[in-house]
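A short worksheet on the structure shown next.
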Amino acid sequence: MTTRQDCVELDAVDPLGAVRERFSLPDGVIYLDGNSLGALPVAAARAVDEAVRRQWGEDLIASWNKHGWIGLPQRVGGRIAPLIGAGADEVVAADSVSVNLFKLAAAAVGARGGRRVVLTEGGDFPTDLYILQGLAGMMPEVELRVVEPGGIEAALDDRVAVVLLSHVHYRSGAVRDMAGLSTTIRAAGALSLWDLSHSAGVLDVDLNRAGADLAAGCGYKYLSGGPGAPAYLFVARRHQAALRNPLSGWMGHARPFDFVDDYAPAPGIDRWLCGTPPILSLTALDAALDAFSGLDMAVVRAKAGALGDLFIERVEARCAGKGLALASPRDATTRGGQVSFRHPQGWAVMQNLIARGVIGDFRSPDVIRFGFAPLYVRRVDVWDAVEVLGEVLDAESWRDPRYQTVATVT
């Protein structure tokens with residue numbers, strides 16, 4: 001059984017240990033919610049201050065050229081690319097995950113001839129399902145087919161244009177077989193579209209090796225780009241000429257500053273831009289990516305797995321018989337950067353933990369999630385967090401009325 005001293009000693013030789021210094025972490029808090037909002041990178045705070053005070057404040061509109069604002073979507077996309085196994089010319093930072101999924105799914109349907117079925121699994125991240133429902137609602141010829149988990153392969157036929165799946169399931173943390181499913185989807189004549197929101201920055205994603213066609217992900221979870229950070233999208237090079245962005249905004253134009261009336265899509269990945277880039281948030285995300293400089297994502301993934309394994313071991317030893325049930329895969333190779341447990345009073349338990357300085361989150365109806373961002377979470381943090389969880393469950397202090405009121409954001 002792992003002891004706290006074991007954790008201290010392992011942290012001392014952790015190859016990622018010094019990376020923690022790249023983040024601003026409040027004293028007295030164990031932050032295990034990087035799967036929802038990454039901690040603040042020190043470089044991001046400095047970069048935004050520079051962009052606001054000097055670039056915007058002094059150089060004003062000249063900054064589009066002088067400080068390269070106009071190229072930030074491509075620059076940030078190119079920095080994300082190696083974290084997800086893509087080429088720099090296959091990724092661009094833009095919009096939100098929801099908007100990007102709409103753009104990519106609509107483009108896929110438009111490019112697959114008479115195929116008009118969009119296929120996905122039920123129980124996946126809600127926005128993904130809502131976006132597909134909206135797409136089908138505005139295009140009557142499009143059929144949305146939602147199958148039970150594990151039913152994708154059986155549902156593939158010659159009418160399916162695109163299959164949308166999350167690489168890591170948001171509630172359980174289960175990792176899907178991207179390579180296997182992408183191969184199966186391609187063999188059926190459809191395109192694969194992957195949501196990387198819960199995997200980029202914590203797993204060693206390799207889109208090109210896996211044969212993925214399309215992907216999108218957010219910048220504010222493990223990438224630590226800040227609340228509401230811009231998302232990104234990936235279009236494999238082999239598909240770029242054939243796919244058309246349905247949101248044909250001016251930044252996706254081949255010559256946006258010619259201001260002509262007719263739309264002509266830009267070549268390559270640039271055509272997936274739409275409106276004016278959000279410079280301050282892109283600046284924060286750009287600087288946040290400095291934290292990944294020099295890191296091997298296989299090492300990052302290995303640490304995430306080790307932290308999750310330790311958490312499961314400690315919870316099952318310290319909190320046995322206290323109403324917790326593991327809701328994540330036990331095998332780290334099939335689990336993302338989070339571990340989820342079910343508890344009938346999950347909301348109240350999590351609020352009690354947060355009040356004690358252990359920050360995770362809750363997902364309805366009864367799941368408490370703990371995210372292990374390997375760049376700043378230590379083994380001793382995991383050990384201490386479980387000790388607090390045990391104390392909360394032993395004392396049943398979560399029954400206090402102040403932990404019962406459900407907030408707007410859960």
Side-chain angles (χ1 to χ4, degrees), residues 95-200 205 207 210-218 231 233-236 238-240 242-247 272 327 329 334 336 363-365 367:
D95 302 314
S96 66
V97 175
S98 300
V99 172
N100 287 337
L101 290 177
F102 178 89
K103 292 189 293 189
L104 293 170
V109 170
R112 305 312 286 174
R115 292 171 177 258
R116 287 294 181 267
V117 171
V118 178
L119 178 62
T120 192
E121 287 185 353
D124 221 328
F125 192 71
T127 197
D128 298 15
L129 295 168
Y130 302 160
I131 286 296
L132 297 184
Q133 290 166 6
L135 176 64
M138 69 179 295
M139 299 174 67
E141 71 276 16
V142 172
E143 175 192 342
L144 173 58
R145 187 180 298 171
V146 182
V147 299
E148 292 297 315
I152 290 295
E153 294 182 1
L156 287 166
D157 58 31
D158 61 5
R159 298 182 61 237
V160 176
V162 60
V163 180
L164 169 59
L165 293 169
S166 290
H167 184 214
V168 174
H169 195 275
Y170 81 103
R171 186 181 278 119
S172 70
V175 181
R176 287 189 171 97
D177 177 9
M178 180 186 288
L181 283 166
S182 294
T183 298
T184 300
I185 292 165
R186 183 170 60 253
L191 297 179
S192 59
L193 170 53
W194 293 93
D195 185 339
L196 305 180
S197 296
H198 289 86
S199 51
V205 181
L207 291 171
D213 297 306
L214 310 166
C218 73
L233 62 81
F234 158 87
V235 179
R238 62 186 178 276
H239 295 305
Q240 290 182 3
L243 296 182
R244 186 180 180 92
N245 181 359
L247 299 182
W272 295 95
T334 61
R363 288 293 174 262
S364 182
V367 172

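Since this is a predicted model, take the numbers as computed values, not measurements. If you read the sequence from its start, that first residue is 1, and numbering goes on from there.
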Less than 4.5 Å apart, any side-chain heavy atom of [X] and any of [Y]?
X: Arg112; Y: Val162; result: no
X: Ser197; Y: Tyr170; result: no
X: Leu207; Y: Met178; result: yes
X: Thr120; Y: Asp128; result: no
X: Ile152; Y: Arg176; result: no
X: Ser192; Y: Val163; result: no
X: Leu144; Y: Val142; result: no
X: Leu243; Y: Trp272; result: yes

If you look at every heavy atom in [X] and [Y], which pair is closest and at what distance?
X: Trp194; Y: Ser182; value: NE1-OG, 3.1 Å
X: Ala161; Y: Val109; value: CB-CA, 4.0 Å
X: Asp124; Y: Ser166; value: OD1-OG, 2.8 Å
X: Gly122; Y: Pro149; value: O-CG, 3.8 Å
X: Val168; Y: Gly336; value: CG1-CA, 4.2 Å
X: Glu141; Y: Arg116; value: O-CB, 3.2 Å

How many angstroms lie between [atom1] in [X] and [atom2] in [Y], if you round to the nearest 0.5 Å?
X: Ile131; Y: Asp195; atom1: CD1; atom2: CG; value: 11.0 Å
X: Leu191; Y: Leu164; atom1: CG; atom2: CG; value: 12.0 Å
X: Leu101; Y: Asp95; atom1: CG; atom2: CG; value: 11.0 Å
X: Lys103; Y: Leu193; atom1: NZ; atom2: CG; value: 12.0 Å

Working note: Leu104 + Val235, criterion side-chain contact (heavy atoms from CB on, under 4.5 Å); need CA distance, chi angles, decisive distance, verdict.
CA-CA 8 Å; Leu104 293 170; Val235 179; 3.7 Å; yes

Trace of the side-chain contact (heavy atoms from CB on, under 4.5 Å) decision for Arg145 with Asp157:
CA-CA 11 Å; Arg145 187 180 298 171; Asp157 58 31; 3.0 Å; yes

Does His169 use its side chain to pair, donor to acceptor, with the backbone of Gly123 at less than 3.5 Å?
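Yes, because the side chain of His169 sits within donor-acceptor range (under 3.5 Å) of the backbone of Gly123.
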
Not counting sequence neighbours, which residues clear salt bridge (charged side-chain N to carboxylate O under 4.0 Å, His left out) with Arg171? List them please.
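Scan of Arg171 (salt bridge (charged side-chain N to carboxylate O under 4.0 Å, His left out), adjacent residues dropped) gives none.
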
Indicate the ring-plane relationship of Phe125 and His198, choosing parallel, tilted or perpendicular according to the 30° and 60° boundaries.
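Tilted.
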
